[in-house]
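Since this is a predicted model, take the numbers as computed values, not measurements. As the structure lists them, so they are numbered: ligands from 1, and atoms in each ligand from 1.
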Amino acid sequence: MLGVLALAAGLLVFAGTATAVAQAPTEGRPWMNPGLSADTRADLVQAEMTRAEELLLLKGYYGANVKMNWIKPAPAELRPLLPGTAGFVPGIARLGIPPLRETDAGVGIANTNWMRPGDLATAFPSGLSNAATWNPEIAFATGAAIGTEARDRGFNVVLDGAMNLAREPRGGRTFEYAGEDPLLAGLVVGEEIRGIQSEHVISTIKHFALNDQETGRGVLNANIDEAAARESDLLAFEIAIEHGTPGAVMCAYNRVNSVYACENDFLLNRVLKGDWAYAGWVLSDWGGVHSTVAAANGGLDQESASGFDRQEFFDAPLQQAITDGSIAPARLHDMVHRILRTMFAGGLIDHPMVPRNPSAHVEAAEHSAEEGIVLLKNEGALLPLSKTVRWIAVIGGHANLGMLSGGGSSQVLPLGHVSDNEVYVGGGVIVLGNGAKIMPLGREIFDPPSPLAALRRALPGAQIDYADGSDIDAASQLAAQADVAIVFAQQWMTEGEDAPDLSLPGNQNALIAGIAAANPHTIVVLETGGPVTMPWLPHVPAVLEAWYAGNGGATALTRILLGDVNPSGRLPITFPQSESQLPRPQLSDKNSAHRFFDVDYTEGADVGYRWFELRNQQPLFPFGFGLSYTSFAFGNLQVMGGDILTAQIDITNTGTREGSEAVQLYATPPASDRPVAARLVGWTKVRLRAGETQRVTIATEPRLLAHFDRNANLWRISEGDYTITARASAADVRASATVALAERAIKP
Ligand code: BGC
């Protein structure tokens, strides 16, 4: 099924290089000695390189440029190596340096770029679902599976680690990211990166920084106060980089405080490479470079897919700038060194790729979906359904086809050949079986198996009928006769465009209202990129947020519906009641006639739940919220000060089923000259048998107790009493304590 000509061709060429590396004698090549440090090895090999070889590493090519006539084609001799890659940087075979073969892999190996027909990969749940697990172990396992699937295909760089902070719930890529909180996003994405890199595959982290909306992403100027950025979007990156040590950072398309991110001295030199002592390299987003000298001196180390840019800035213009001295030799050395040392550190040289049949990881995808799906409402304990239920009406959302996925460069062409009856669909085109036909980007793709099939498999004795929901009356009639109605509602999101608003598109709100009126036992399953509004909520007893759930989604969902899995997902993002509650009720410059425009992040670091708290606004569902089929009690909170503030608390499962609770610790600093909201400073996810009590310990992240002092370039914890609260969500305080902290400064 996966033996694809284009893929195989790429692997063979690559394997030739890889084998040469594996067999290379260390004699005469001291950099091949794994006993030396990555930096020493890089220095040794760089000393042998010609200027032309050094320059080769600083410019990448795009795999599909044969298909897009606006992209400058790669030289003919490289073209056979490119298909199947999102990016390619030639290696230096004579020195045993392999090429960098890059693939997108935000939710699995992205494979729809026209290039690897029939190469199906495991579709994992969306990044937001990953964050909704509040479980770094799941994130690591997902990363390791993605790393393995990348290796299987001969990719040694994955363009994962997407984590722009969710300032814009209508954002087209909010589904790829990890929500609105720097600690949650940083830890979850950091662990996913660590998982990927455990397979000797380099992961990026992206898009650095403040690419928080898609509208005008290539031209917009994100304005934000430095301290606020350090305490929010940048802190998320800082934490993820500390935990995951990604080999590369992808700079973003947009400008930040008037300077393009890929030539932004503040972001790249001062913060990333300076304050954070980042040793990896910075690569550009595809088409994100606007200059040569400003970019190189501003901190960019490698121009990705150079044909995307207006000009190949890191080609002849780079050589010229080196010759005329506008880029110093030390800077050139540093650019190359960063790439080489990361290849050594990441194991790319010591663990060369060996082509093998791509493996599948549906079980890992299922576990992730099981913990990422959030139970939002369950009135009258409608869920879990009884396994003796006789008649279920399944309605809408192409529930006969699969689970919806998000669009754009992260799109996975999912494992599809689940049974001969399974189909998936793209933009109205139904593709049978294993996907012999390739979907272009910009189409809806459904990940098999379908929820309808999964339910039928789990409940062979029940009658389970499907109505597509296009005829509300017909669907309501079906719902009225059944014991239970499950309505699948969807919002398709894609890279490149934001949603116009937070409403479910089309007639779905009317459909849900109609079904709920026809059957009091109505369950709504949402498959959305992020938050949506729910005008029908008072009339619907049960709601599950399944996000984009991937290849394991339908099975996970069915197990939750039937109580084989107790839901434990918690929202990583606030669901507002309406757009009017947001810092920007209108998408920034949606209707602007200006080509260049500003997005003013005047909310500063008060993103999401902090914004809601400061304004005393009640969201539809708060950050951190999620129900369970059991219940939990919190007691005996004790907080210990010191360098790392820790809390201990008893958590008791007071219900009758085993279940997991995400125990969230928030801190409110002492009153200052401006109102300050509580922020998440730590959490733990604990699994408890019915009736069991555990005393859990939660260590906090000191920078989250501090504010950033930009004049001193330090984090400062102010002296005073901090209120520490244990919560079941940002809006559900279960226990509170006060701790006095001494003044303290922390270096960034
Ligand atoms: C996206 C990146 C992606 C790259 C390569 C860009 O358009 O913003 O996230 O890695 O394309 O496909």
side-chain hydrogen bond (donor to acceptor under 3.5 Å, both in side chains) between Glu149 and Thr122: does it pass, once the steps are laid out?
CA-CA 8 Å; Glu149 293 197 20; Thr122 311; 2.5 Å; yes
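- For ligand 1, the atoms sitting less than 4.0 Å from at least one non-hydrogen atom of Lys206 are 2 (C), 3 (C), 9 (O), 10 (O), numbered in the order shown with element in parentheses.
- For Glu102, the heavy-atom gap to ligand 1 stays at 4.0 angstrom or more.
- Those atoms of ligand 1 that come under 4.0 Å of a heavy atom in Arg173, given as number and element, are 1 (C), 2 (C), 8 (O), 9 (O).
- In this structure, Tyr62 has no heavy atom closer than 4.0 Å to ligand 1.
- Within the model, atoms CD1 of Ile241 and CD1 of Ile205 stand 5.0 Å from one another, a figure rounded to the nearest 0.5 Å.
- Atom numbering of ligand 1 starts at 1 in the shown order; those under 4.0 Å from a heavy atom of Asp104 are 3 (C), 5 (C), 10 (O), 12 (O).
- Inter-residue side-chain proximity for Met163 and Val188 is flagged as unmet; no heavy-atom pair is nearer than 4.5 Å.
- At a 3.5 angstrom cut-off on N or O pairs, Glu495 counts as close to ligand 1.
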Let's go through Asn221 and Asp598 carefully: what are the C-alpha distance in whole Å and the side-chain angles of both, what is the deciding distance for side-chain hydrogen bond (donor to acceptor under 3.5 Å, both in side chains) to 0.1 Å, and is it a yes or a no?
CA-CA 5 Å; Asn221 178 30; Asp598 291 305; 2.8 Å; yes
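- Using 4.0 Å as the threshold, His207 has a heavy atom nearer than that to some atom of ligand 1.
- The proximity of Arg217 to ligand 1, defined as any non-hydrogen pair under 4.0 Å, is limited to the side chain.
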May I have the step-by-step check of salt bridge (Lys or Arg N to Asp or Glu O under 4.0 Å) for Lys206 and Asp104, ending in yes or no?
CA-CA 11 Å; Lys206 66 187 186 183; Asp104 280 298; 3.5 Å; yes
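- Separation of atoms OG1 (Thr245) and OH (Tyr278) is listed at 9.0 Å; rounding is to 0.5 Å.
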